[in-house]
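In what follows, chains are A, B, ... by sequence order, proteins preceding strands, each numbered from 1. On a predicted model such as this, the values are computed, not experimentally measured, just so you know.
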2 protein chains.
Amino acid sequence: MHELLRLAPLFQGLSDKELSPFVHTAQRQQFKPGEMLFAAGDVAEAFFLLIKGNVRLYRLSPEGREKVIEIVPSGQTFAEAIVFLNKPYPVFANALDETEVLRIPAKVMLKELHNNSDLAVHMLARLSIHLHKFVNDIHALTLSNAKQRIAGYLLAFIDEQAQQHKVCLPANKATIASRLGLQPETFSRVWSSLKKEEIILEYNDHIVIHSPDALRALLDPS
Amino acid sequence: MHELLRLAPLFQGLSDKELSPFVHTAQRQQFKPGEMLFAAGDVAEAFFLLIKGNVRLYRLSPEGREKVIEIVPSGQTFAEAIVFLNKPYPVFANALDETEVLRIPAKVMLKELHNNSDLAVHMLARLSIHLHKFVNDIHALTLSNAKQRIAGYLLAFIDEQAQQHKVCLPANKATIASRLGLQPETFSRVWSSLKKEEIILEYNDHIVIHSPDALRALLDPS
DNA sequence: CGGCAGTTTGACACTTCTCAAACTGTGTGG
DNA sequence: CCACACAGTTTGAGAAGTGTCAAACTGCCG
């Protein structure tokens with residue numbers, strides 16, 4: 001259990017003793033593809049550490065359409081921010097795959113944060129990174145066209161995985177399109193143009209980014 | 001000086017003693033309209049508390065156009081997130097009006113956060129609120145059309161000021177347009193349609209939101 | 001085989017962007 | 001006091017990008 005918690009950057013570097021309040025109160029939960037973890041408006045008494053799978057965070061527009069805010073990969077915590085806000089969840093969350101999470105009570109977290117300033121600084125660092133990512137997103141969602149957004153999305157992948165240019169998409173294309181603020185049709189058209197230009201190659205279960213430089217060129221036409 | 005610091009939600013509820021490290025290291029700075037506080041890429045050794053005026057945080061697109069990420073009103077802190085990230089500023093910041101800030105060294109903040117878990121929890125709460133606002137923004141910037149974005153922007157004002165439907169815009173229209181991911185021309189057209197429908201009234205130095213309900217109806221066509 | 005979800009393609013409509021020009025108010029210098 | 005310049009805003013016309021609706025296609029599973 002300690003090892004599971006240390007999966008998350010949030011808990012890395014903490015001693016077994018520091019982690020024990022979480023070990024004793026966290027619940028392990030499993031979800032099937034499509035199952036809901038929570039709904040927007042639900043009372044928020046816990047945040048989550050994603051052990052396995054991918055989770056989709058989304059909202060509904062007034063017209064009832066879904067807008068994906070984030071696709072959370074395993075190893076990440078999510079909904080941490082609600083620990084401090086006495087508010088219901090602002091988004092819906094459902095599992096994209098066979099998914100496993102640790103459900104960590106907000107009360108426990110809040111108490112430990114008051115006791116342990118190291119943990120608090122960890123969490124601050126994590127929220128800061130998150131905030132900066134959102135700044136990036138806001139920038140990308142408004143200033144660029146569909147091709148640039150997809151380029152940026154793909155580049156974020158090879159930066160994170162750092163090693164290879166082989167990428168497994170975390171969700172189906174319609175979900176990624178929504179995350180990027182695009183219609184599935186628009187996404188599909190741009191996607192096939194990237195394939196036609198041989199910037200990306202598509203296989204059954206993964207893609208290969210054949211020319212990252214071409215993607216960068218789309219974003220930085222200097 | 002203590003009173004100035006307590007302007008910010010971040011420092012509210014802290015004792016004089018807890019505040020003294022900041023009192024002794026914070027620098028008071030003044031800026032004229034248009035002057036730069038910092039540029040994207042600058043080494044980030046401090047964050048800011050805005051005492052007077054409004055500050056515009058923006059980025060440059062690859063093509064060199066400005067995209068406003070945030071318009072910071074007085075009383076708020078900004079660029080706090082860089083305290084934890086060993087990175088340069090991700091945005092440009094310039095003054096919109098005659099502006100006064102407290103410049104607070106990141107090192108001091110970091111040290112105090114380790115000593116004072118109350119302060120850390122305060123800051124966590126503040127970043128959480130910020131994060132939730134960005135979630136709102138991302139949602140608004142992608143799912144809605146120009147009229148809905150402007151409606152949402154105006155409604156945020158009367159919610160915050162809570163009292164009246166009289167609003168002083170914090171920046172010129174082109175800046176607000178950029179913040180909303182719109183061209184100045186598009187903003188102007190929608191703006192005049194709102195005036196024609198008498199949903200808003202425009203005066204020399206302020207506007208009056210004559211029919212908040214009409215704005216809400218634009219966002220929630222249930 | 002049939003059904004289904006996910007994806008792709010096509011044709012068209014519509015919003016928004018772009019470029020250009022005119023208009024407004026304000027401040028400056030003659 | 002007027003003429004002028006200037007930034008900010010507004011208006012117009014056309015182009016471009018994306019959304020919408022409909023239909024066909026694909027792979028997978030019962």
Side-chain angles (χ1 to χ4, degrees), chain A residues 32-35 54 56 61-68 71 94-97 140-151 153 168-196 200-207 218, chain B residues 32-35 54 56 61-68 71 94-97 140-151 153 168-196 200-207 218:
Chain A
K32 297 205 179 308
E35 244 184 309
N54 292 279
R56 184 180 70 139
S61 77
E63 295 87 8
R65 286 184 303 181
E66 297 179 356
K67 157 68 194 168
V68 175
I71 302 168
N94 74 357
L96 286 171
D97 332 285
L141 285 171
T142 55
L143 257 188
S144 30
N145 58 26
K147 203 160 190 174
Q148 289 176 316
R149 287 185 219 174
I150 295 179
Y153 181 75
C168 295
L169 298 179
N172 67 28
K173 293 178 184 174
T175 301
I176 296 172
S178 172
R179 159 66 238 276
L180 296 173
L182 299 172
Q183 298 302 314
E185 295 94 331
T186 304
F187 181 90
S188 172
R189 284 182 240 272
V190 174
W191 189 257
S192 49
S193 91
L194 290 176
K195 284 195 290 186
K196 199 173 293 169
I200 59 173
L201 308 175
E202 188 167 19
Y203 298 95
N204 272 337
D205 56 349
H206 70 279
I207 65 165
L218 286 173
Chain B
K32 297 205 179 309
E35 245 185 308
N54 292 279
R56 183 180 70 139
S61 76
E63 294 87 7
R65 286 183 304 180
E66 296 179 356
K67 158 67 192 168
V68 176
I71 302 169
N94 74 356
L96 286 171
D97 331 284
L141 285 172
T142 55
L143 258 187
S144 32
N145 58 27
K147 204 161 188 173
Q148 288 177 317
R149 287 185 218 173
I150 295 179
Y153 181 76
C168 294
L169 298 180
N172 67 28
K173 293 178 183 173
T175 300
I176 296 172
S178 172
R179 160 65 240 275
L180 296 174
L182 299 172
Q183 298 303 315
E185 295 94 329
T186 305
F187 182 90
S188 172
R189 285 183 240 272
V190 175
W191 191 255
S192 50
S193 93
L194 290 175
K195 283 195 291 186
K196 199 173 293 169
I200 59 174
L201 309 174
E202 188 167 19
Y203 299 95
N204 272 336
D205 55 349
H206 70 279
I207 65 166
L218 287 173

(message) For D:dC21, does the base pair up with any side-chain atom of A:Gln183 as donor and acceptor (N or O, under 3.5 Å, distance only)?
(response) no
(request) For A:Gly181, report the nucleic acid contact type (base, sugar-phosphate, nothing); a contact means any heavy atom under 4.0 Å. (result) sugar-phosphate
(request) Round to a whole Å and report the spacing from CD1 of B:Ile150 to P of D:dT9. (result) 13 Å
(message) Tell me the closest heavy-atom pair linking B:Gly181 and B:Leu141, and the distance in Å.
(response) N-CD2, 4.2 Å
(request) Nearest whole angstrom, please: distance from the P of C:dT16 to the CG of B:Leu143. (result) 13 Å
(request) Examine distances only and state if a side-chain atom of B:Ser188 and a backbone atom of B:Pro184 form a donor-acceptor pair shorter than 3.5 Å. (result) no
(request) Could you state the atom-to-atom distance from NZ of B:Lys196 to P of D:dT10 in whole Å? (result) 12 Å
(request) Check the distance between D:dG8's P and B:Glu66's CD and give it to me in whole angstrom. (result) 11 Å
(message) Is the phosphate of D:dT18 approached by A:Thr186 (side-chain N or O, under 4.0 Å from OP1 or OP2)?
(response) no
(message) Quick one, A:Lys147 and A:Leu194 - any side-chain contact, counting heavy atoms below 4.5 Å?
(response) yes
(request) Nearest whole angstrom, please: distance from the P of C:dT7 to the CD of A:Glu202. (result) 9 Å
(request) Between A:Asn145 and B:Lys195, just flag the one whose closest nucleotide in DNA chain D comes earlier from the 5' side. (result) B:Lys195
(request) Report the distance from atom CG of B:Asn204 to atom C1' of D:dT9, rounded to the nearest whole Å. (result) 14 Å
(message) Tell me the interatomic distance from B:Phe187, atom CZ, to C:dC17, atom P, rounded to whole angstroms.
(response) 13 Å
(message) Before you tell me yes or no, could you show the steps for A:Trp191 and A:Ile207 under side chain to side chain contact (heavy atoms under 4.5 Å, CB included), namely the whole-Å CA-CA distance, both residues' side-chain angles and the distance that decides it to 0.1 Å?
(response) CA-CA 11 Å; A:Trp191 189 257; A:Ile207 65 165; 3.9 Å; yes
(request) Send over the distance from B:Glu185 CD to D:dA13 C1', rounded to a whole Å. (result) 13 Å
(request) Kindly indicate whether the side chain of B:Leu182, heavy atoms from C-beta on, has any atom under 4.5 Å from the side chain of B:Ile150. (result) yes
(message) Below 4.0 angstrom, which residues in residues 170-180 of chain B have at least one non-hydrogen atom near DNA chain C?
(response) none
(request) Of all the heavy-atom pairs spanning B:Pro33 and B:Leu96, show the shortest one and how long it is. (result) CB-O, 3.8 Å
(request) Report yes if at least one side-chain N or O of B:Ser192 is closer than 4.0 Å to OP1 or OP2 of D:dT11; otherwise report no. (result) yes
(message) With hydrogens left out and only the distance checked, is there a donor-acceptor pair under 3.5 Å joining A:Arg189's side chain and the base of D:dT20?
(response) yes
(message) Categorize A:Arg65 for me: base, sugar-phosphate, or nothing, with a 4.0 angstrom heavy-atom threshold over every strand shown.
(response) sugar-phosphate
